[in-house]
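Atoms within each ligand, like the ligands themselves, are counted from 1 in listed order. Basis for what follows: all heavy atoms, side chains included, without hydrogens, waters or symmetry-related copies. Positions are given from 1 along the sequence.
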Amino acid sequence: SGTVLLQVRVAPVGPDKLLVLAEDRTEARRVEAIRRDFVVNVSHELKTPVGALALLAETVQDAADDPVAVRRFAERMQAEAQRLSALVHEIIELSRLQVAGALQEVTTIPVRDVVSEAVDRARTTAQAKNIAVTVGGTADVLVFGDHNLLVTAVRNLLDNAVAYSPENTRVGVGVRVRRGLVEIDVVDQGVGIAVDEQDRVFERFYRVDPARSRDTGGTGLGLSIVKHVAADHGGDVQIWSEPGKGSTFTLRIPAADVPQELPQEDPQPP
Ligand code: ADP
């Protein structure tokens with residue numbers, strides 16, 4: 001809503017003078033609400049796979065003398081357990097990121113390394129859908145940051161690009177430098193996201209289509225993690241998308257080296 005919450009403090013500072021301090025608490029209250037929601041959401045999200053596991057365990061007991069059924073239920077239990085484990089992993093990751101100073105180990109990192117590691121890891125799932133992942137325009141550029149977190153962020157974008165694309169399509173990753181920012185694009189030819197959903201997808205546990213996301217093993221936390229990683233590196237993440245055409249997510253992080261527009265100095269002898 002358009003309501004603004006103001007906290008006003010009045011203090012006498014002289015015989016005929018009052019000091020009035022008005023603080024906008026709108027944002028603080030919003031953050032508190034998000035935090036409360038998170039706990040409620042986490043409990044809710046955990047209940048689903050735990051409930052499924054309990055039910056499957058019961059069913060498998062009833063089917064004890066049918067080896068084919070036992071096997072099938074065991075496989076489903078394994079899938080639910082994996083989902084649960086991924087969810088717990090992402091919840092921990094996100095809670096860690098929500099604490100200031102979450103960057104564990106800050107070094108100077110070639111963006112190319114981050115991209116190639118993320119692409120290597122995403123290729124297996126891409127191959128299963130016959131999706132070609134191509135890397136283009138890898139500018140030779142450095143950023144300051146946490147290598148693992150940056151790989152996680154790019155990997156999350158790639159996993160989504162693959163998950164929300166039909167078979168036999170292409171996913172592209174590109175790197176460029178613009179106005180001192182390294183821009184990492186992840187482009188897909190997938191289902192796309194309607195304009196009114198484009199901000200919401202960065203919210204924790206938000207999924208455009210919960211049933212579909214469940215099939216792909218999604219937790220609804222991937223993009224919130226990307227957003228936090230970007231912010232912790234002094235950057236952001238942008239989205240361009242059109243339903244039925246595809247999406248482009250751009251992770252922008254300040255470049256650590258000499259801006260490429262400037263003439264480079266002669267390399268120092270080793
Ligand atoms: P999930 O684990 O469900 O993928 P995310 O936080 O990564 O969670 O994404 C939130 C939602 O945004 C997804 O459930 C999906 O509906 C939508 N989404 C994310 N990436 C894409 C994409 N590349 N194309 C289409 N929809 C996407």
Quick check: does [X] get an N/O under 3.5 Å from an N/O on ligand 1?
{"X": "Gly220", "value": "yes"}
{"X": "Ser224", "value": "no"}
{"X": "Phe249", "value": "no"}
{"X": "Thr219", "value": "yes"}

Quick one: do Asp196 and Gln198 satisfy side-chain hydrogen bond (donor to acceptor under 3.5 Å, both in side chains)? Show the steps, please. CA-CA 6 Å; Asp196 55 338; Gln198 290 181 6; over 6 Å; no
Any ion pair linking [Y] and [X] (charged N to carboxylate O, less than 4.0 Å)?
{"X": "Glu183", "Y": "Arg176", "answer": "yes"}
{"X": "Glu117", "Y": "Arg155", "answer": "no"}
{"X": "Arg121", "Y": "Asp159", "answer": "no"}
{"X": "Glu93", "Y": "Arg96", "answer": "yes"}

At less than 4.0 angstrom from any non-hydrogen atom of [X], what atoms of ligand 1 do you find?
{"X": "Gly222", "answer": "5 (P), 6 (O), 7 (O)"}
{"X": "Leu221", "answer": "6 (O), 8 (O)"}
{"X": "Ile193", "answer": "18 (N), 21 (C), 25 (C), 26 (N), 27 (C)"}
{"X": "Tyr206", "answer": "10 (C), 11 (C)"}

Taking atom CZ of Arg76 as the centre, does the number of heavy atoms from other residues, nucleotides or ligands within less than 6.0 Å exceed 12?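 No, not enclosed.
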Other residues, nucleotides, ligands: >12 heavy atoms within 6.0 Å of Glu75 CD: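 Yes.
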Counting only heavy atoms, which portion of [X] has something under 4.0 Å from ligand 1: side chain, backbone, both, or neither?
{"X": "Leu157", "result": "neither"}
{"X": "Val191", "result": "side chain"}
{"X": "Leu223", "result": "both"}
{"X": "Phe202", "result": "neither"}

Considering non-hydrogen atoms only, spot the tightest contact between Asp65 and Asp62 and give its length.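 Residues Asp65 and Asp62, closest heavy atoms: OD1-O, 4.4 Å.
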Are Leu251 and Val201 linked, directly or through intermediate hydrophobic residues, by side-chain heavy-atom contacts shorter than 4.5 Å (ILVMFWY only)?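 Linked within one cluster.
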Heavy-atom nearest neighbour of atom 20 (N) of ligand 1 within options Val226, Val171, Asn160: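 Residue with the shortest heavy-atom distance to the ligand atom: Asn160.
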Does Gly190 come within less than 4.0 angstrom of ligand 1, counting non-hydrogen atoms of the residue?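 Heavy atoms of Gly190 never come under 4.0 Å of ligand 1.
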